[in-house]
Amino acid sequence: MSGYFITVEGGEGAGKSSILQTLGKKLTAMGYDVLTTREPGGIEIAEKIRKIILDPTHTTMDGRTEALLYAAARRQHLAEKVLPALESGRIVLCDRFIDSSLAYQGYARGLGMDEVFTINQFAIQDCMPDMTIFFDIEPKKGLERISANKDRERNRLDLENIHFHEQVYQAYQKLVLKFPERIQVINANQPFEQVEADAMNLIVSRLTNKA
Ligand SMILES: Nc1ncnc2c1ncn2[C@@H]1O[C@H](COP(=O)(O)OP(=O)(O)O)[C@@H](O)[C@H]1O
Ligand SMILES: [Mg+2]
């Protein structure tokens, strides 16, 4: 496969989505062929699976069922959107991927990181990201950014208590130690332009070394 698969990870309010938007544009302006996406990525089957997961009437949904459904939606987005882009040599920038499942469901929800990894391995086969950028910020600070922005849509996870977000943060730290080659850390508690520049430098140096 000739493309390059980059994922961004981190807690709520770390700045992932806003920075991916501007980064995608800047990389495109530099001449890179970039696809910016996030799960479920507008893929109809994946969107339908998401609806099942998020349906508030599904109060009896088991944690493992939920994890399998997330993995199924991930598979479909990968198969329909990410893999074709990588196969045609594009750079894919994806807002959250497997590490989010490991952190949120595996660790914070207590299903076990190894077990969640196993079902995700089945879903993604050998398509692990070539590089992952972890946006490092204390959960409390990330959540403060979200509550400061009145326009931002709030999802179910934004409203979880601080303990849950601390658990997610701990999980990411474990992942950084477990995958030191793949996961690069940037300090997300800096002005927007600096975080963006740090992410850009990491990406460009990887792409330059790869070429
Ligand atoms: N470096 C930064 N400094 C201050 N505020 C930021 C920074 N990066 C993003 N924000 C703001 O924080 C909020 C959450 O950003 P967002 O990109 O949605 O985070 P995420 O996708 O990681 O949850 C938004 O209101 C955004 O404008
Ligand atoms: Mg986001």
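Side-chain atoms are counted along with the backbone in the values below, which use heavy atoms only and exclude waters and symmetry mates. Ligands are counted one by one from 1 in listed order, and the atoms in each one are counted from 1 as well. Computed from a prediction, not measured in an experiment: that's the story for all the values here.
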Under 3.5 Å, is there a donor-acceptor pair between the Glu9 and Ser100 side chains? yes
Does an N or O from Ala14, backbone or side chain, lie closer than 3.5 Å to an N or O of ligand 1? yes
For ligand 1, which is the ligand I care about here, please tell me if Ile146 has any N or O atom under 3.5 Å from one of the ligand's N or O atoms. no
Going hydrophobic residue to hydrophobic residue with side-chain gaps under 4.5 angstrom, can you get from Val204 over to Phe135? yes
If you apply the rule side chain to side chain contact (heavy atoms under 4.5 Å, CB included), what do you find for Arg75 with Gln125, and how did you get there? CA-CA 9 Å; Arg75 171 68 200 175; Gln125 296 176 285; 3.1 Å; yes
Does a side-chain heavy-atom distance below 4.5 Å link Leu78 with Glu39? no
Closest heavy-atom approach to atom 1 (N) of ligand 1 among Gln194, Glu12, Gln190, Glu196 is made by Gln190
On the six-membered ring of Phe97, is Arg74 placed so that its NZ or CZ lies under 6.0 angstrom from the centre and within 45° of the ring axis? yes
Using a strict cut-off of less than 4.0 Å between a Lys/Arg side-chain nitrogen and an Asp/Glu carboxylate oxygen, indicate whether Glu47 and Lys51 qualify as a salt bridge. no
For Asn149, the ligand 1 atoms with a heavy-atom partner under 4.0 Å come out as 24 (C), 25 (O)
Under 4.5 Å between any side-chain heavy atoms of Ile53 and Thr65, yes or no? no
If you measure every N or O of Val195 against every N or O of ligand 1, does any of those distances drop under 3.5 Å? no
Decide, counting backbone as well as side-chain atoms, whether Ser18 has an N, O or S atom less than 2.8 Å from the Mg ion (ligand 2). no
Taking only heavy atoms of Gly11 into account, list the atoms of ligand 1 that are under 4.0 Å away from them. 22 (O)
Judged by heavy atoms only, the candidate from Gly142, Gly13, Ser18 nearest atom 26 (C) of ligand 1 is Ser18
For ligand 1, which atoms, with element, lie under 4.0 Å from some heavy atom of Pro191? 1 (N)
